[in-house]
Protein chains: 2
Amino acid sequence: MVREQRRLNLEDIARMSGVSRSTVSRVLNDDPKVSDAVRTRVRTVLTETRFHPNAAARSLATHRTGIIGLVFPRVFTMMFTDPWASVLIKGCLEGSERADLSLVHMLVSTDDQASVDRFFERSVTGRHLDGVILGSHVLGDKLVARLQEEDFPYMLIGRDEHRTANFVDIDNRQAARIATQHLIDHGYRRIVHLSGPPDLVTALDRQDGFFDAIREAGNDPDTVQVECGYFEQVTGFELTLRLLQQPDPPDAIFAADDAMAIGAIQAARELGRSVPNDVAIVGFDDIDMNRMYRPELTTVRQPSDALGRTAVGILSTMITNPSTTPVQRWLSAELIVRGSCGCSFSNSRANGLVQGKEGSPFGPGPNNLIVQT
Amino acid sequence: MVREQRRLNLEDIARMSGVSRSTVSRVLNDDPKVSDAVRTRVRTVLTETRFHPNAAARSLATHRTGIIGLVFPRVFTMMFTDPWASVLIKGCLEGSERADLSLVHMLVSTDDQASVDRFFERSVTGRHLDGVILGSHVLGDKLVARLQEEDFPYMLIGRDEHRTANFVDIDNRQAARIATQHLIDHGYRRIVHLSGPPDLVTALDRQDGFFDAIREAGNDPDTVQVECGYFEQVTGFELTLRLLQQPDPPDAIFAADDAMAIGAIQAARELGRSVPNDVAIVGFDDIDMNRMYRPELTTVRQPSDALGRTAVGILSTMITNPSTTPVQRWLSAELIVRGSCGCSFSNSRANGLVQGKEGSPFGPGPNNLIVQT
DNA sequence: TATTCCTGTGGGAGCGCTCCCACCCAACTC
DNA sequence: GAGTTGGGTGGGAGCGCTCCCACAGGAATA
C-alpha cells in the first residue's frame, strides 16, 4: 500500500516546467496574463503528470468548496422512492454538472432544532458547502429563516408560505384549479381530493386550487371531501379502497400527485370498478410510469427536472454573485388530457396551460419568466 | 450582505477561553490529554459561539475530506427512477450518517475514457473524496482497475466479473436458479427470462442461474428464450406485450427485476390474460411497490438497503485502515412466494433462502459472513 | 533532596493552494 | 536617450487547521 506517498503539488509542476508556482496557478485558472509559450509548456507537464490541484487547499484559499447540498426534510425520507423526487434529483445533478459543482445529498429533520443545528455547524458554519437546495418546504420550517439570517446561498424547490424566500416553483394552485375544473366540466359532481401532507406548502396550494374550482362551480367547499396522506402510491391505494366502499362513493378523484393517482386506479381495479366509467381519476406531476397504466392518466405535467436544473443554476450564480432581493422563478405546467378523466380521445392537451408568466400570482416581471431549460 | 465578515477561527476561540490554539484543537478532537477544567471552559465558549472548524483547513491538514462518492455509470441514468436504486441510495445515506461521512452523488460514463479521467482528476487526484461506492458494475469497466492502480478506497455494489475487487453482493446466480426452479416445479415448460442489460454483471449472474435451473431440469438451454432490456417497468411491459402475442406464448416469465415483472403483469392485463393462469410471473428484488399489484408478485427478496449500508460501512473502515486483500461480502437473499407464480397460498416463504454463507461460490470464510445490518 | 516520569499545555511548522505586490524588461513615447 | 508604459513573472504572506516537539511543574521514585 503506497497510499502515503507524497502527491505532486504546484511546486513540483513549477519546477518541472521551469516556472514559478504562481504561473502554474495562473495556467490552472485560465488567467490570460500568461504567455502562450509558457502556457503550452505548463499544460504539457500538467497532462503528462495527470496533475490536479488539491481541492482542500484550493477551498482554504478561495473560501469556496464547489459543493452544494440537496436537503430533504427527514419526514419525507420516502422521497427517495418517489418517482417525482427521482426526476427532481436528476435535474439537480444535471444542473450541478453544468455549473461544475458537486451535489451532496442530505436529510435534515427540519422540525428538530438539534438536527438543524447539526446541519448548520457542519455545512454552513464549517463552510463545507457553498450553497444549498431545499427539496421541499414544510410549514414553519426553521431552516429557511436560519439560512437567511446567515446570508447563506439557498434555493427552495417550491415556494415558502410567505413568498419571501428564494424559490423555483410552478403555480400549483392555478394548475390544480384547472385540473379540477376539467372534472367539473365533465359533469362529475361528487369529486374527492386526495391531498398530500398538510404541512407541505405544495400540497396546500393544490388543495386551494381544488377549492377554487369547487367554489367557482357554485358548490360549498365545506361539503367537499378531502383526504390527506403521503405522496405515495400505497396511500392513494388505501384511501381510494376506503372511499369507493363508502355508502356514497365519489364519481371522480383528483389526486395531488400521480403516485397516489396510480394507487387509486389500482384500488378501483381491485374492487372491480371501471375507470373512468365508475370513477374518473386525475393526477398531478406526469411521471414517466403513467404510460403503462390503462386508462392512461389525465394529469398536470410539471417540469420536475427543469425545476431542479433551474434551482441549481440560480444557486450557482447566487454563490458568485449574491443577490439582495429574493429570487423567485415560476415555471410552466400544463394539463395533459388522456383517458382517465373520461375524455374519449387520448394523448391530447387541453387548453390548460398554466404558464409561469400569466399564471403566476405575481404577474409578469423579471422574476417570473418562463424558463425552458 | 455581510457574507464577507471574518468568521471565527481556532485562534479566536483560544483567546476567548484563555488557552492555546492547540488545546482548542484537542478539545474539538476529543483528545483525552486535556484537563477537565480546561475542557469544560473551552466547550462553553464553543457552544456559545456556535463555532465549528473550517472543513477545508481541516482537510488540508488531515488529508481527509469526510466525503465519499456514490457513482453510477451514466448508461444507467434511469437508475434514479428505479425503486431498487432508490432503496440502495437510502441505505448508502444511512451508512454515511452512521460513519459521519457526506455522500456525493455522481454520474460517470464508465465506458468513456475522457469521463473517467475527469472523474479521477477532480475526485481522486484532487483528493476531493476519501473513497467511492460504485452503484453497479459494467463489464470492462475502466474505473475499477484505475481505482486499484491508485490504491484509492472503493467498494462495488455487486461483484466484478473476475471477483478480484472489493464488493458487497448477494448470490444472484443461486437466487435466480432457485426462482426458476420454483417455476419448473409448478410444471411450467415454456419459461422465458426477461434479462437486464447484457453488460451488467448482475444481469449475467441471474441469467446464468436461470440456465442452471433449465439445465438441471434436463432441458436444452439453447431452446430457451431470453430477452434483454433495461431494468425498467416499461421494458418489461413492451417485451411481454410482444412475447404474449407470439404464436407459442410463454406459460411463465422470470423477470430479472421487479420493475420488469410489474411491467409484465401490466402487459398481461392489457391483453386480457390472467396471471398466473395464462402466464405465471416471478420477479427479483422485492420492491415495496409490489404490495399494490394483484396477484401479488412472487420474487427474490434482496436486502438493497443493507447492501448500501454495508458497502459504506466497509468503505469507511477501509479509509482509515487500508486493507491489502480484497474485501468481499455476501448478503442473504430469499425467495418470497406469493400468488403470481401460481401458488395458491400467499405471503409465505419458500425454503429458498440463499444465504451469503452457504450459497456463496466461495464457501464459508471470513469474507463470506452473513451480515444483518 | 535529587532524579525521573508523566500529564497537560504552548508554539512552530507545514498542509497546498491563491492573491497581492514587486519587479523585470521589451516596446513605446516624447 | 531618458522616461513611461504594461504584459509577464516570481516571491511572500496567508487561508485555518493538525501534529510534532518542547517544556513546565507536580507526583512518584530512588
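Here is the naming used below: chain letters follow the sequence lines, and residue numbers restart at 1 for every chain.
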Legend entry - Polar contact flag, side-chain donor to acceptor under 3.5 angstrom, D36(A)-T40(A): no

Give every pair of a protein N or O atom and an N or O atom of nucleotides 6-12 of chain C that lie under 3.5 Å apart, one pair per line with the distance.
unit_1: dT9(C); atom_1: OP1; unit_2: S35(B); atom_2: OG; d: 3.0
unit_1: dT9(C); atom_1: OP2; unit_2: S35(B); atom_2: N; d: 2.9
unit_1: dT9(C); atom_1: OP2; unit_2: S35(B); atom_2: OG; d: 3.4
unit_1: dG10(C); atom_1: OP2; unit_2: S20(B); atom_2: N; d: 2.7
unit_1: dG10(C); atom_1: OP2; unit_2: S20(B); atom_2: OG; d: 3.0
unit_1: dG10(C); atom_1: OP2; unit_2: T23(B); atom_2: OG1; d: 2.8
unit_1: dG10(C); atom_1: O6; unit_2: R26(B); atom_2: NH2; d: 2.7
unit_1: dG11(C); atom_1: N7; unit_2: S22(B); atom_2: OG; d: 2.9
unit_1: dG11(C); atom_1: O6; unit_2: S22(B); atom_2: OG; d: 2.7
unit_1: dG12(C); atom_1: N7; unit_2: R21(B); atom_2: NH2; d: 3.2
unit_1: dG12(C); atom_1: O6; unit_2: R21(B); atom_2: NH2; d: 2.6

Write down the distance between [atom1] ([X]) and [atom2] ([N]), rounded to a whole number of angstrom.
X	N	atom1	atom2	result
D31(A)	dG8(D)	CG	P	10 Å
F51(B)	dG16(D)	CZ	C1'	8 Å
D30(A)	dT18(C)	CG	C1'	15 Å
N9(B)	dG14(D)	CG	P	13 Å
I13(B)	dC17(D)	CD1	C1'	13 Å
H63(B)	dC19(D)	NE2	P	9 Å
L10(A)	dG14(D)	CG	P	19 Å
R58(A)	dG16(D)	CZ	P	18 Å

Legend entry - Chi angles and distances behind the side chain to side chain contact (heavy atoms under 4.5 Å, CB included) call for R39(B), V19(B): CA-CA 10 Å; R39(B) 184 182 304 278; V19(B) 295; over 6 Å; no

Inset, instruction - Take S20(B) and T23(B) through the side chain to side chain contact (heavy atoms under 4.5 Å, CB included) test and state the conclusion after the steps. - result: CA-CA 5 Å; S20(B) 76; T23(B) 303; 3.4 Å; yes

Is a side-chain donor or acceptor of [X] paired with a backbone partner of [Y] at a separation under 3.5 angstrom?
X	Y	result
D130(A)	T65(A)	yes
D160(B)	T164(B)	yes
D12(B)	N9(B)	yes

Inset, instruction - With side chain to side chain contact (heavy atoms under 4.5 Å, CB included) as the test, would you mind laying out the steps for L129(B) and V124(B) before giving the verdict? - result: CA-CA 6 Å; L129(B) 301 180; V124(B) 179; 6.0 Å; no

Inset, instruction - Answer yes when R146(A) and E150(A) have at least one side-chain N-carboxylate O distance shorter than 4.0 Å, and no when they do not. - result: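 Counted as a salt bridge, because a side-chain N and a carboxylate O are separated by less than 4.0 Å.
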
Legend entry - Under-4.0 Å salt bridge between R43(B) and D30(B):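 Yes.
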
Legend entry - Between OG on residue S35(A) and NZ on residue K33(A), distance to nearest 0.5 Å: 13.0 Å

Inset, instruction - Check whether any side-chain N or O of N29(A) sits under 4.0 Å from OP1 or OP2 of dT18(C), and answer yes or no. - result: yes

Inset, instruction - Please tell me which of the listed nucleotides, dC19(D), dG16(D), dC15(C), lies nearest to the side chain of N54(B)? - result: dG16(D)

Inset, instruction - Just compare dC17(C), dC15(C), dC15(D) and give me whichever is closest to any side-chain atom of L60(B). - result: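 In terms of side-chain proximity for L60(B), the closest of dC17(C), dC15(C), dC15(D) is dC15(C).
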
Inset, instruction - Using the side-chain hydrogen bond (donor to acceptor under 3.5 Å, both in side chains) rule, take R159(B) and N166(B) through it: C-alpha gap first, then chi angles, then the decisive distance, then the call. - result: CA-CA 8 Å; R159(B) 72 175 185 87; N166(B) 306 321; over 6 Å; no

Legend entry - Net bend of the helix from dT1(C)-dA30(D) to dC30(C)-dG1(D), end axes of five pairs each, nearest 10 degrees: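 Between the axes fitted at each end of the helix from dT1(C)-dA30(D) to dC30(C)-dG1(D) lies an angle of 40°.
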
Taking only nitrogen or oxygen atoms into account, show me every contact under 3.5 Å that the protein makes with nucleotides 25-27 of chain C, one pair per line with its distance.
none

